[in-house]
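Presented below is the structure to which this report refers.
Given the structure is predicted, the values throughout are model-derived calculations rather than measurements.
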Amino acid sequence: MLTRRHIRVKVMQCIYALIQSKDDSLQKQEKFLKVSIENTYTLYLLWLSLFVEIQKRAAEQYRLSSKKYLNDAKQSYPNQEKFIKNRLLLQLVENQLLKDELSKRKLDNWYLNEEYVKLIYKAILESDIYDDYMSKPESSYKEDKELVMELFKSIMAPNDKIYEYFEDDKLTWIDDIPIVNTFILKLFKKAKGNESYGYFLPKLLKDDEDMAFANRLLSKTLLKNDVFEKEIEGKTPNWDKDRIAEVDSILLKMAICELLEFPSIPEKVTINEYLEIAKEYSTPKSSIFINGILDKLTKEYKKDGKLNKLGRGLL
């Protein structure tokens with residue numbers, strides 16, 4: 001789920017939090033990093049559980065309406081059970097591994113905050129997306145998928161109340177939301193009707209090396225902060241260090257750390273990754289500024305024999 005770029009962003013957030021809190025405890029920051037990464041998966045599970053709760057609410061409303069013999073406009077749909085029998089939704093509702101994971105983590109957020117389920121369900125019922133889907137008596141698995149994806153893109157993900165709920169729950173989720181939302185859409189798009197339960201519970205990280213990379217990048221950057229700061233000052237003689245944006249300074253130190261401490265990662269990969277992160281998280285001109293400094297440092301390190309890269313490396 002998380003790429004190396006996402007991991008770099010998590011490390012950047014940890015270092016930024018440390019600077020803001022003036023807490024120099026490496027142990028605390030390593031714990032913060034681990035929790036921050038794990039919370040990304042919690043966010044993913046909460047989205048899936050919201051789909052589950054929406055389907056359950058729809059099923060309950062159908063059961064109640066059947067008993068009351070209601071006959072309004074919405075009852076005129078040719079197949080009243082079509083939404084609750086949506087095959088992608090049922091793959092989530094009937095997924096025992098998902099149930100176990102939610103139970104193990106005690107993620108009963110939507111049960112405790114039922115108003116959000118009601119809010120989203122009401123918006124779905126009032127949407128043209130739902131109306132178009134329900135107007136046809138039957139649908140293929142592909143059409144079931146397309147409905148769920150469109151509801152997520154147009155109604156669930158953009159909902160301000162849901163966004164505020166996530167923001168209030170975990171501060172780091174502000175940056176995680178786009179990552180998780182994109183991942184969910186890709187996962188649903190590739191889903192097949194016969195997927196195993198495990199398909200919807202992917203690994204958070206590719207392997208143990210990713211977590212080791214995160215911890216090492218964090219610890220090396222923090223422990224050699226003064227050394228890396230002098231490297232930056234040497235290439236910015238006309239700049240007061242206080243004039244360099246906080247995020248730019250952090251990204252430069254992390255990039256220098258990768259260049260010198262991670263021989264398996266090609267310098268081009270390192271530079272490109274931090275330029276992209278700068279474009280998203282710092283000032284408009286930050287990527288140009290960072291590129292200029294890293295270009296100078298890379299040439300200097302090569303000349304002095306400090307840049308010892310091995311093979312093609314990893315992203």
Side-chain angles (χ1 to χ4, degrees), residues 1 38-67 74 77-125 127 129-157 159 162 165-166 180-204:
M1 181 185 293
E38 288 177 349
N39 279 341
T40 305
Y41 203 70
T42 300
L43 176 61
Y44 168 74
L45 291 173
L46 283 177
W47 270 130
L48 294 195
S49 69
L50 182 54
F51 281 109
V52 170
E53 293 305 318
I54 288 169
Q55 191 277 346
K56 287 182 178 178
R57 179 161 185 81
E60 178 64 11
Q61 291 300 303
Y62 172 75
R63 185 183 67 81
L64 292 173
S65 66
S66 298
K67 282 187 175 182
K74 296 300 181 184
Y77 290 134
N79 182 356
Q80 297 294 325
E81 296 181 278
K82 187 180 178 185
F83 180 74
I84 61 178
K85 290 185 176 180
N86 179 287
R87 279 158 284 193
L88 179 54
L89 289 179
L90 287 177
Q91 281 179 302
L92 299 176
V93 172
E94 297 170 356
N95 191 315
Q96 190 58 48
L97 289 180
L98 177 58
K99 291 177 186 177
D100 293 343
E101 194 66 27
L102 292 170
S103 176
K104 183 177 75 175
R105 295 171 182 252
K106 298 179 180 178
L107 295 178
D108 52 0
N109 300 52
W110 307 124
Y111 174 78
L112 298 173
N113 298 278
E114 192 181 22
E115 66 272 19
Y116 292 100
V117 179
K118 292 179 180 178
L119 178 76
I120 296 296
Y121 181 59
K122 182 174 183 290
I124 288 173
L125 292 183
S127 70
I129 303 166
Y130 178 83
D131 190 54
D132 290 344
Y133 174 78
M134 292 297 290
S135 296
K136 301 173 185 176
E138 303 296 334
S139 60
S140 64
Y141 180 74
K142 182 183 177 183
E143 289 170 326
D144 282 355
K145 278 199 311 181
E146 288 172 350
L147 170 83
V148 175
M149 291 169 64
E150 195 56 45
L151 291 177
F152 184 64
K153 285 190 294 183
S154 302
I155 296 175
M156 297 169 69
N159 187 276
I162 296 291
Y165 175 78
F166 286 145
V180 173
N181 290 0
T182 300
F183 180 82
I184 287 173
L185 288 173
K186 287 181 178 178
L187 189 83
F188 285 175
K189 187 175 182 179
K190 293 179 181 178
K192 297 176 182 177
N194 59 351
E195 295 292 0
S196 67
Y197 288 163
Y199 175 80
F200 295 97
L201 290 172
K203 286 185 176 181
L204 174 60

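- Not a single donor-acceptor pair under 3.5 Å links the side chain of D108 to the backbone N or O of Y111.
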Begin with the C-alpha distance, continue with both residues' side-chain angles, and end with the deciding distance and a verdict on side chain to side chain contact (heavy atoms under 4.5 Å, CB included) for E150 and K153. CA-CA 5 Å; E150 195 56 45; K153 285 190 294 183; 3.7 Å; yes
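- Looking at L98 and L45, their side chains come closer than 4.5 Å, going by heavy atoms from C-beta outward.
- Taking CD of E53 as the start and CG of N109 as the end, the distance is 10.0 Å to the nearest 0.5 Å.
- Ion pair E101/K104 flagged as a salt bridge, since at least one NZ, NE, NH1 or NH2 atom sits closer than 4.0 Å to an Asp/Glu carboxylate oxygen.
- The backbone N or O of L46 lies less than 3.5 Å from a partner atom in the side chain of W110, making a donor-acceptor pair.
- When all heavy atoms are compared, the tightest approach of I120 to M156 is CG2-CG, 3.7 Å.
- Using cut-offs of 30° and 60° on the angle between ring planes, the pair Y130 and F83 is perpendicular.
- Taken to the nearest 0.5 Å, the CG atom of L125 stands 9.0 Å off from the CE atom of M134.
- A side-chain contact (heavy atoms from CB on, under 4.5 Å) with K85 holds for exactly one of R87, K82, E81; it is E81.
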List the steps, then state whether side chain to side chain contact (heavy atoms under 4.5 Å, CB included) holds for Q55 with N86. CA-CA 9 Å; Q55 191 277 346; N86 179 287; over 6 Å; no
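- Listed for the Q61 side chain is no donor-acceptor partner under 3.5 Å among the backbone atoms of A58.
- Side-chain atoms of Y199 come within 3.5 Å of backbone atoms of L187 as a donor-acceptor pair (strictly under, hydrogens ignored).
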Decide yes or no on side chain to side chain contact (heavy atoms under 4.5 Å, CB included) for I124 and I129, but give the supporting numbers first. CA-CA 8 Å; I124 288 173; I129 303 166; over 6 Å; no
Checking T42 against R105 for the side chain to side chain contact (heavy atoms under 4.5 Å, CB included) test, could you report, in this order, the C-alpha distance in whole Å, the side-chain angles of both residues, the deciding distance, and whether it holds? CA-CA 8 Å; T42 300; R105 295 171 182 252; 3.6 Å; yes
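- A pairwise comparison of heavy atoms in L97 and G198 identifies CD1-N, 3.7 Å as the closest pair.
- Counting only N and O atoms by type, the side chains of D100 and Q96 include a donor and acceptor under 3.5 Å apart.
- Open room surrounds NZ on K56; 12 or fewer heavy atoms of other groups in view lie less than 6.0 Å from it.
- Ring centroid separation for the pair F188 and F51 comes in under the 6.0 Å cut-off.
- Ring pair Y165/Y116 is tilted by interplanar angle, where 30° to 60° counts as tilted.
- Side-chain contact between N95 and Q91: absent, with no pair of heavy atoms (C-beta onward) separated by less than 4.5 Å.
- Around atom NZ of K99, more than 12 heavy atoms belonging to other residues, nucleotides or ligands sit under 6.0 Å away.
- Between E60 and R57 no salt bridge is recorded (no basic side-chain N to carboxylate O distance below 4.0 Å).
- Residues L50 and I54 form a side-chain contact, since some pair of their non-hydrogen atoms from C-beta on lies under 4.5 Å apart.
- By the ring-ring contact (aromatic ring centres under 6.0 Å, His included) test, Y41 pairs with Y44, sequence neighbours left out.
- The ring-ring contact (aromatic ring centres under 6.0 Å, His included) check on Y121 picks up nothing, with sequence neighbours excluded.
- Nearest approach of I84 to L90, heavy atoms of both residues: O-CD2, 3.6 Å.
- Side-chain contact between L147 and L151 is present, with heavy atoms from C-beta onward closer than 4.5 Å.
- In this structure, Y133 contributes its side chain and D144 its backbone to no donor-acceptor pair below 3.5 Å.
- Expressed to the nearest 0.5 Å, how far CD1 of I155 lies from OG of S127 amounts to 3.5 Å.
- Between S135 and P78, the shortest heavy-atom distance links the atoms O-CG, 3.5 Å.
- Contact check on E195 versus K192 returns no salt bridge, with no Lys/Arg side-chain nitrogen under 4.0 Å from an Asp/Glu carboxylate oxygen.
- With a 4.5 Å cut-off on side-chain heavy atoms, W47 and N181 count as touching.
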